[in-house]
Amino acid sequence: MTPAKLAEAVLAAARALFSERGLDPAALPASTTVERPRNPEHGDYASTIALQLAKKVRAQPRDLAAGIADHLGRTPGVKSVEIAGPGFLNIRLDTASAGQLARVVVQTGREYGHSDRLAGQRINLEFVSANPTGPVHIGGARWAALGDALARLLRASGADVGTEYYVNDAGAQIDRFARSLEAAAGGRPVPEDGYAGEYIKQIADAIKKDHPDAGEATFRDEGVARMLREIRTSLADFGVPFDLFFRESDLHSRGELETALARLREQGHVYDAAGAIWLRTTDFGDDKDRVLRKSDGEWTYFAADCAYYLDKRERGFERLMMLLGADHHGYIGRMRAMAACFGDQPERTLEILIGQLVNLVKDGEPLRMSKRAGTVVTIEDLVESIGVDAARYALARFSSDSPIDIDVDLWTRSTRDNPVYYVQYVAARTASVSRNAAEVGLTRGEADDFRPELLGHEKEQDLLKALGDYPAIVAAAAELREPHRVARYLEELAGSYHRFYDNCRILPVGDEPIGDLHRARLWLNDATRTVIANGLDLLGVSAPERM
RNA sequence: GCGCUCGUAGCUCAGCGGAUAGAGCAGCUGCCUUCUAAGCAGUUGGUCGCAGGUUCGAAUCCUGCCGAGCGCGCCA
């Protein structure tokens with residue numbers, strides 16, 4: 001029995017009690033969950049449903065609990081139900097019922113952990129969006145790892161997700177980039193407000209080689225094109241493909257800023273003052289109004305943001321998510337107000353996720369190692385230092401609210417304190433067990449011959465429970481937009497497997513004949529392999545067959 | 001000044017209102033003639049920043065204070 005099925009049984013028991021006692025069924029929740037008590041004396045699973053219902057129907061929680069326990073105790077697969085404390089239900093499952101989970105997991109395979117709770121939702125997820133004036137730095141790498149994991153999580157929950165990278169290829173910073181390239185190509189020092197770094201020289205030389213009489217316009221177009229190609233490649237090498245690289249210049253060339261302005265004007269939130277055109281974002285809680293078109297006739301960056309917002313919405317996305325660094329949190333107010341100015345409800349259509357910054361550290365000192373950019377650490381530097389798997393895992397394992405230092409030595413170590421290896425080692429071990437089993441002629445056999453009641457060892461039961469937790473973890477991680485929950489879970493699951501492996505011999509020893517217990521444990525081994533692989537996949541980390 | 005985030009073991013961090021707050025590291029001690037020791041077992045370590053409030057129940061929610069980081073342009 002899975003925890004989800006057990007939770008349904010708990011609810012069914014409550015429903016039965018309500019009907020028996022003539023209580024109002026409207027007080028019952030649409031769904032409920034069971035939790036895993038930390039203390040094993042409190043059973044395999046616990047429900048707090050009696051505590052929650054008691055105040056709604058003005059009953060004694062322990063009395064309600066007793067009634068629910070009565071019905072629940074008759075559910076097949078449930079071994080016992082006890083009432084504890086103020087009204088907890090402490091539930092134990094039959095060994096066989098718990099063991100069946102291994103079969104469910106193996107048979108569900110790659111789909112295990114997926115759900116349809118976000119089915120039908122069209123979500124646009126924008127992240128990284130670093131300017132195409134230089135390589136993606138380590139901060140961008142964090143959003144790449146997090147955003148990609150989030151996209152996978154949302155898709156695993158059934159959502160229709162489009163990932164997007166906004167390319168700021170218009171405006172003053174691109175002019176500076178173009179002038180820097182032109183200067184570098186001519187052997188002159190880059191302008192005061194320009195871009196430095198060896199990569200500028202390299203790109204400039206390459207452009208000059210292909211276009212000997214290149215002017216600023218060519219340096220601009222070619223420079224952006226080449227830089228963007230590099231960015232796309234770095235991200236692809238990092239395992240982060242975007243569905244769309246959206247260019248700001250397209251908004252301009254298609255007249256979408258004018259369209260957006262007209263739309264905002266229709267909604268009555270635009271006014272002219274001091275020669276500029278303003279959006280009255282203070283109508284919706286922003287701390288000041290924002291300029292759309294400057295008095296010199298130029299559009300502001302914010303005007304392009306408005307057009308981009310409208311473009312996404314008109315492409316059919318009902319929810320726009322954006323990952324931004326903490327240094328951009330000041331955007332939230334104006335973005336939400338802007339959405340409201342379009343007539344949307346920002347709390348429904350816009351979701352801005354803010355993440356803290358990240359450093360690469362060696363020997364306790366922040367690293368500045370880029371040969372190319374001079375001062376910043378690029379995504380390539382990160383991959384070169386610790387590899388893609390360690391990098392993706394390191395960036396995804398912490399809450400995005402927490403600033404992180406990635407210690408090069410830790411993340412390249414092959415020991416217990418390097419979490420990525422600890423987890424990947426389970427993938428390798430389970431795969432190794434599978435190979436060795438095949439060699440001695442041990443297979444899982446037919447599903448009907450699986451004997452789940454043999455998995456009664458404490459470590460087997462612990463592992464089964466950990467495997468059962470996975471779908472709820474994925475659902476919570478998706479709902480809370482917190483991929484790190486998956487990583488933390490995998491570390492716990494890895495611990496459960498290692499302890500199982502250490503205590504429960506899977507393969508026959510010597511010339512011992514193959515028996516049902518060997519086969520049952522192989523089911524458990526393979527179920528673990530499935531969940532580890534599924535979980536690592538959500539994080540974009542490989543599940544190696546050998547290490 | 002205003003806003004956002006954070007404050008949990010010596011260190012790095014988990015903990016979407018539930019029972020005795022967890023993990024790894026660091027420290028100390030054990031386990032490889034059997035499936036990968038990149039592993040396992042044991043042991044030490046806490047006023048959950050402070051003070052109130054809500055609740056049957058608060059590390060978790062609310063308010064205030066203290067401390068740290070970041071942000072508050074007709075910049076991009």
Side-chain angles (χ1 to χ4, degrees), chain A residues 35 37-39 41-42 46 48 51-52 54-55 61 84-88 90 131 133 168 170-176 193 248 273-278 287-296 298-302 304 325-333 354-357 397-405 407 410 413-426 428-437 439-440 442 459 476-477 479-480 482 484-485 487-489 491-492 494-495 497-510 512 518 521-522 525 546-547:
Chain A
E35 17 182 289
R38 204 159 273 287
N39 185 340
E41 285 170 23
H42 295 151
T48 57
L51 291 165
Q52 285 153 16
K55 69 180 85 160
F88 293 104
N90 291 338
N131 285 345
T133 52
N168 295 121
Q173 86 284 7
I174 293 293
D175 295 338
R176 287 204 283 272
D193 59 353
E248 181 189 354
I277 302 175
W278 298 72
D287 47 8
K288 64 190 73 163
D289 291 339
R290 305 289 168 175
V291 172
L292 292 169
R293 193 171 212 163
K294 297 185 257 181
S295 50
D296 64 4
E298 291 288 313
W299 292 103
T300 60
Y301 186 88
F302 180 64
D327 51 338
H328 286 75
H329 78 249
Y331 281 25
I332 297 178
I354 295 298
Q356 301 298 313
L357 306 178
R397 151 174 218 267
F398 299 94
S399 158
S400 58
D401 286 335
S402 163
I404 47 178
D405 288 334
D407 185 304
L410 168 66
R413 219 173 283 160
S414 309
T415 52
R416 175 71 179 87
D417 48 331
N418 183 345
V420 71
Y421 286 129
Y422 185 69
V423 174
Q424 285 186 314
Y425 189 51
V426 173
R429 259 192 167 173
T430 51
S432 170
V433 168
S434 292
R435 285 193 299 271
N436 295 340
E439 222 162 88
V440 300
L442 169 61
K459 303 301 180 193
E479 222 158 90
L480 300 169
E482 293 183 347
H484 75 273
R485 287 169 184 274
R488 300 298 174 148
Y489 162 79
E491 289 165 31
E492 276 181 37
Y497 178 80
H498 287 312
R499 288 187 285 277
F500 156 71
Y501 179 92
D502 217 57
N503 285 274
C504 304
R505 173 82 194 187
I506 300 164
L507 303 181
V509 182
E512 181 190 355
H518 299 123
R521 285 179 171 169
L522 190 58
N525 179 76
R546 296 171 203 271
M547 285 172 76

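Every chain is numbered from 1 and lettered A, B, ... according to where its sequence line falls, protein lines coming before strand lines. Bear in mind the structure is a predicted one, so any value in this text is a computation, not a measurement.
- Distances shorter than 4.0 Å separate none of the side-chain N or O atoms of R397(A) from OP1 or OP2 on A14(B).
- With both ends at atom C1', the span from U36(B) to G10(B) equals 34 Å, rounded to whole Å.
- In terms of phosphate contacts, S414(A) brings no side-chain nitrogen or oxygen within less than 4.0 Å of OP1 or OP2 of A38(B).
- Among C13(B), C74(B), G18(B), the nucleotide with an atom closest to any side-chain atom of A274(A) is C74(B).
- Q356(A) places its CD atom 16 Å from the P atom of A68(B), with the value rounded to the nearest Å.
- Side-chain to base pairing of S295(A) with C74(B): one donor and one acceptor N or O lie within less than 3.5 Å of each other.
- Contact between the side-chain N/O atoms of R488(A) and the OP1/OP2 oxygens of G22(B) is not found at any separation under 4.0 Å.
- C48(B) and A23(B) are spaced 16 Å apart, taking the C1' atom of each and rounding to whole Å.
- Annotation: the span from Y501(A) atom OH to Y425(A) atom OH amounts to 6.5 Å, rounded to 0.5 Å.
- Across all strands shown, I354(A) has no heavy atoms under 4.0 Å from either base or sugar-phosphate atoms.
- A distance of about 15 Å separates the P atoms of U12(B) and G49(B), rounded to the whole Å.
- Checking C35(B), U36(B), A14(B) against the side-chain heavy atoms of L507(A) singles out C35(B) as nearest.
- In summary, the side chains of T133(A) and N131(A) do not present any donor paired with an acceptor at a separation below 3.5 Å, with no hydrogens or angles considered.
- Taking atom P in both U55(B) and U60(B), one finds a spacing of 16 Å when rounded to whole Å.
- The CD atom of Q52(A) sits 11 Å away from the P atom of G17(B) (whole-angstrom rounding).
- The C1' atoms of G57(B) and A21(B) are separated by 15 Å, rounded to the nearest whole Å.
- Taking the P atoms as reference points, A41(B) lies 41 Å from C56(B), given to the whole Å.
- Note on N525(A): nothing from the nucleic acid sits closer than 4.0 angstrom, heavy atoms only.
- A donor-acceptor contact shorter than 3.5 Å is absent between the side chain of D502(A) and the backbone of H498(A).
- Glycosidic conformation of C32(B): syn, with the torsion inside 90° of 0.
- Of the possible polar contacts, none joining the D289(A) side chain to the W278(A) backbone as a donor-acceptor pair under 3.5 Å is found.
- For the pair Y425(A) OH and A37(B) P, the computed distance is 4 Å after rounding to whole Å.
- Heavy atoms only, all atoms of each residue included: T300(A) and V291(A) are closest at OG1-O, 2.8 Å.
- Separating the C1' atom of C2(B) from that of A9(B) is a span of 36 Å, rounded to the nearest Å.
- No side-chain donor-acceptor contact under 3.5 Å links Y422(A) and D417(A).
- Close to U36(B), at under 4.0 Å from its OP1 or OP2, lies no side-chain N or O of Y421(A).
- Distance Y501(A) OH to C32(B) P: 15 Å, rounded to the nearest Å.
- Among the heavy atoms of the strands lying under 4.0 Å from A276(A) is at least one base atom, whether or not backbone atoms are also near.
- Considering only side-chain N and O atoms, R38(A) lies nowhere under 4.0 angstrom from the phosphate OP1 or OP2 of G18(B).
- Taking atom CG of N39(A) as the reference point, atom P of A21(B) lies 11 Å away to the nearest angstrom.
- Side-chain atoms of H329(A) and base atoms of G3(B) include a donor and an acceptor less than 3.5 Å apart.
- For K288(A) and G71(B), the NZ to P distance is 15 Å, given to the nearest whole Å.
- Comparing U20(B), U55(B), G18(B) by their nearest atom to the side chain of E35(A) picks out G18(B).
- Checking G18(B), C35(B), C75(B) against every side-chain atom of T48(A), the shortest atom distance belongs to G18(B).
- The separation between D287(A) atom CG and C72(B) atom P is 11 Å, rounded to whole Å.
- When rounded to the nearest whole Å, the span between CG of D327(A) and P of G73(B) equals 15 Å.
- Between the base of A19(B) and the side chain of N90(A) there is a donor-acceptor pair shorter than 3.5 Å.
- For H498(A), the listed nucleotide lying nearest its side chain is C40(B); candidates were G15(B), C75(B), C40(B).
- Each of G57(B), C40(B), A14(B) was ranked by its minimum atom distance to the side chain of D502(A); first place goes to C40(B).
- With F302(A) as the aromatic partner, R293(A) does not meet the cation-pi criteria of under 6.0 angstrom to the ring centre and within 45 degrees of the ring axis.
- In summary, the side chains of H518(A) and R505(A) do not present any donor paired with an acceptor at a separation below 3.5 Å, with no hydrogens or angles considered.
- In this structure, of C74(B), C13(B), C25(B), it is C25(B) that holds the atom nearest to the side chain of R416(A).
- Spacing of C1' atoms, C74(B) relative to A68(B), comes out at 34 Å, to the nearest Å.
- The phosphate of A41(B) has OP1 or OP2 within less than 4.0 Å of a side-chain N or O from R499(A).
- For the OP1/OP2 pair of U36(B) and a distance below 4.0 Å, the side-chain nitrogens and oxygens of R546(A) include no atom meeting the criterion.
- Remark: ring of H328(A) does not overlap the six-membered base ring of G71(B) in a stacked fashion, as centroids less than 5.5 Å apart with planes less than 30° apart are not both met.
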